[in-house]
Every structure is written in structure tokens, then in C-alpha cells.
Amino acid sequence: MSASTSAPVHGKGDDVTGHRNAHDHGHGDSHDHGHGDGHDHGLRLDCALESSARGMRALWVSLTALGMTAAIQAVVVVLSGSVALLGDTVHNTADALTAVPLGIAFVLGRRAATRRFTYGYGRAEDLAGIAIVLTIAASAVLAGWTAVQRVIDPRPIDHVPIVAVAAVIGFLGNEWVARYRIRVGRAIGSAALVTDGLHARTDGYTSLAVLLSAGGAALGWHLADPLVGLAITAAILLVLRDAAREVFGRVLDAVDPALVDRAERALRNVPGVREVGELRLRWIGHRLRAEVAVVVDGDVSARQAHHTAVEAEHALLHAIPRLTAALVHADPATAPGEADPHLALAHHTAL
């Protein structure tokens, strides 16, 4: 005997595969179980759509701010010929343009699941994260190449005071965008948006580095500009390393182990749950899904086992932030001498 919740159900003409999850098990009710908080599918879908909308607002606002910052810096680059400022401007422009793939990902993530994409389109955020990583890498190559060329052929910088002002503007614009993106990204659980915010923060510090270039130029040291450009390239590479680690972790379904611990504690406190078996969490965009097997008394009825599974799911929804769906499978505890209830599957799971 086993019972589970959140099992995907595919009927004819059903293009929202798996949306009979959580507390919609085909019984025609909301399964609020007297808790009064109504964790129904519609409520969680509304929250998911709202989080995507917040992400979109963050992208448009930051795109505007960074676009204006980069435009001001570009004018100064043309007037001064500063390689360090050029590298910073290129990086700021690339950072602004990362809003495009992220925006596409947020739009796709709001689409309902289909019979082909049964988990929906939330994974588009991971693809956007990879695009961001590639953009950071391209900006590092361009900034480094330009700086090396200028080391070989040093040139004086014109309009040094204006370069210094542009550097300060770059720092202020990037720091504001970084704070905004990180705050919204953490609020909605978007690793790609947080990564983009950290990227913007480092851009701000590289903008301050341009001040060193302007100072060196004011003192007549022409190599200061390309050397600072190389330092900026190194900073971009550090951001690339951290961003790649974060993004590819999501692609490989990495989650914070603390979330797993919290989920296990919540499940063990559910009446009727004797043990917690296999537990898996995964991010799909900026939303979490869970799959878990719990062990219940082998003598209870299917209805009682189902009730325990639903209560276990309810506990997970309370314990795990941004969890929108859970599949809970109830396994019967084996009596002494009784065969493993999963023995028939052993040859399928040998690996």
C-alpha cells in the first residue's frame, strides 16, 4: 500500500500537465484540511506570476539606469580615449544587455506547462544565466585585448577631470542597480538575477578603478591607463568565476543543503510519518519543487496514508520558501520477515 500526492495527471485536451499538484488531487476540493491558509494551486500560481512580474520590473529599471550610465561613459571615452574607461563602459553595456535574455526567461516562465514541457518553462532562467556568463566572458576578452594593445602602444588621455567624473557616475549607477537586483533576486529566488546584481556591483568597483587611471594620467604616467584596464579585466574574470559557479550549480540542480535539512525536520514532525526516505529538491527558474518518500505505518488504510502524505506536503509548503509543488509518496513500514515493497523495481534501480 502506498499513497502519493501531486502526481501529474494527463487527460485528453489537458495542456497544463502536472497542474493537478499540491492540494488538487482530483477530488474536487481545495484540500485546505482545516488549516485556513488555502495553499491551493491558484494562490501559488498567483505568487509565482507576481514574482516574475517583480523580476521584470527590476530588469527594466536596471536596464534604464545602466543604459544611461554607459551612454554617458561612452561619450567621455570618445573625448578622452581612455582604455580603462572603455573597458568599464563595455562591461556596463554588457551588464545592461543581460536584461534581455533574463526578461525573455521571465516571460517564458509565466507560461503554463504543456504536454511537451511538463514542468513549464522555468528552466529558461538557467539558459539566461548561461547567456550572462558568456556575456561576462566576452566583455573580459574585449577589455583585456584593448588594454594589452594600449600597453604596447601607450597614448595620453585627454579631459582627465571628465574621465574621473564618468568613473564616479559609473560606480554610483552600478551600485544602485546591484542593490536593487540582488534585493529583488533574493526575494523571488532568482539565482540569475542575484548573479547579475553581483556582476553590477563588481562593475561599480571597476569604475572606481578608473579613477586610478585618471590620477596616473594627471601625473603624466601614460601606462597607468592600460594597467588599470588589465586590472579591470582581472576583476571581470573573478566575477565570471563566481557567476559560472552559481549558474552551473543551478543547471545541475544544486540546492542549499540547509533547505534539505529544514525539509527533513518539517517532515519528521508530521503525525503519522515514521521515517523520511528519499528527498529531492530542485529549482525550476525561481521556484522550487520537491519529491519525497515518507514511511508510514504498514497497517493504515490507503485513505489514512493519503492524509499523512497531504499533511507532509502541507508541512513542506510552510517550511520551504518559494516551494510551489511537492510530490509526496507514502511507503508502508515493513514488518519483520516481510519483503521489501519495492523489490519488483530492484532490477530497474540497480545502478
Side-chain angles (χ1 to χ4, degrees), residues 3-32 37-57 59 100-131 184-185 187-193 247-255 259 263 278-293 306 309-310 312-314 316-329:
S4 62
T5 72
S6 298
V9 178
H10 306 284
K12 291 183 179 180
D14 175 15
D15 66 347
V16 290
T17 303
H19 279 193
R20 295 181 59 182
N21 54 23
H23 299 290
D24 179 9
H25 311 296
H27 299 298
D29 57 51
S30 65
H31 277 295
D32 61 9
D37 50 14
H39 288 294
D40 55 71
H41 170 69
L43 178 60
R44 289 194 308 280
L45 182 58
D46 287 344
C47 292
L49 292 176
E50 173 59 24
S51 65
S52 293
R54 289 185 64 187
M56 285 296 294
R57 285 195 297 272
L59 288 176
V100 176
L102 261 180
I104 294 173
F106 281 134
V107 171
L108 285 176
R110 299 175 69 172
R111 297 181 61 182
T114 67
R115 292 176 66 85
R116 180 175 177 82
F117 296 96
T118 56
Y119 281 96
Y121 297 82
R123 285 289 192 178
E125 274 190 49
D126 297 329
L127 296 179
I130 293 174
V184 175
I188 68 175
S190 173
L193 190 55
V247 168
F248 287 110
R250 278 291 179 92
V251 171
L252 295 174
D253 286 331
V255 297
L259 286 178
E278 187 175 59
L279 171 62
R280 295 181 179 181
L281 296 171
R282 75 188 317 184
W283 287 98
I284 300 179
H286 50 270
R287 299 186 286 273
L288 274 169
R289 290 184 65 96
E291 298 176 7
V292 60
H306 176 265
V310 170
E313 180 184 2
H314 190 212
L316 285 176
L317 289 170
H318 273 290
I320 307 299
R322 292 180 289 277
L323 180 69
T324 57
L327 176 66
V328 181
H329 178 80

Got a second to check how far [X]'s [atom1] is from [Y]'s [atom2], nearest 0.5 Å?
X: Leu317; Y: Glu313; atom1: CG; atom2: CD; answer: 5.5 Å
X: Leu259; Y: Leu288; atom1: CG; atom2: CG; answer: 6.5 Å
X: Glu291; Y: Leu281; atom1: CD; atom2: CG; answer: 9.5 Å

Test side-chain contact (heavy atoms from CB on, under 4.5 Å) applied to Ala319 - qualifying residues, sequence neighbours left out:
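Only Arg262, Ala266 meet the side-chain contact (heavy atoms from CB on, under 4.5 Å) criterion with Ala319.
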
Among residues at least two apart in sequence or on other chains, which ones pass side-chain contact (heavy atoms from CB on, under 4.5 Å) with Ala131?
Pro101

[X] versus [Y]: any side-chain heavy-atom pair under 4.5 Å?
X: Leu316; Y: Val292; value: yes
X: Arg287; Y: Ile284; value: no
X: Tyr121; Y: Val107; value: no

Nearest heavy-atom pair of Ala113 and Tyr119: which atoms, and what distance?
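In terms of heavy atoms, the two residues are closest at CB-C, 4.3 Å.
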
Between Arg289 and Asp253, is there a salt bridge with N-O shorter than 4.0 Å?
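Here Asp253 does not pair with Arg289 in a salt bridge, since their nearest N and O are not under 4.0 Å apart.
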
Taking 4.0 angstrom as the limit, do Asp126 and Arg250 come out as a salt bridge?
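Salt bridge absent between Asp126 and Arg250.
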
Which residues pass the side chain to side chain donor-acceptor pair (under 3.5 Å) test with Arg322, sequence neighbours left out?
none

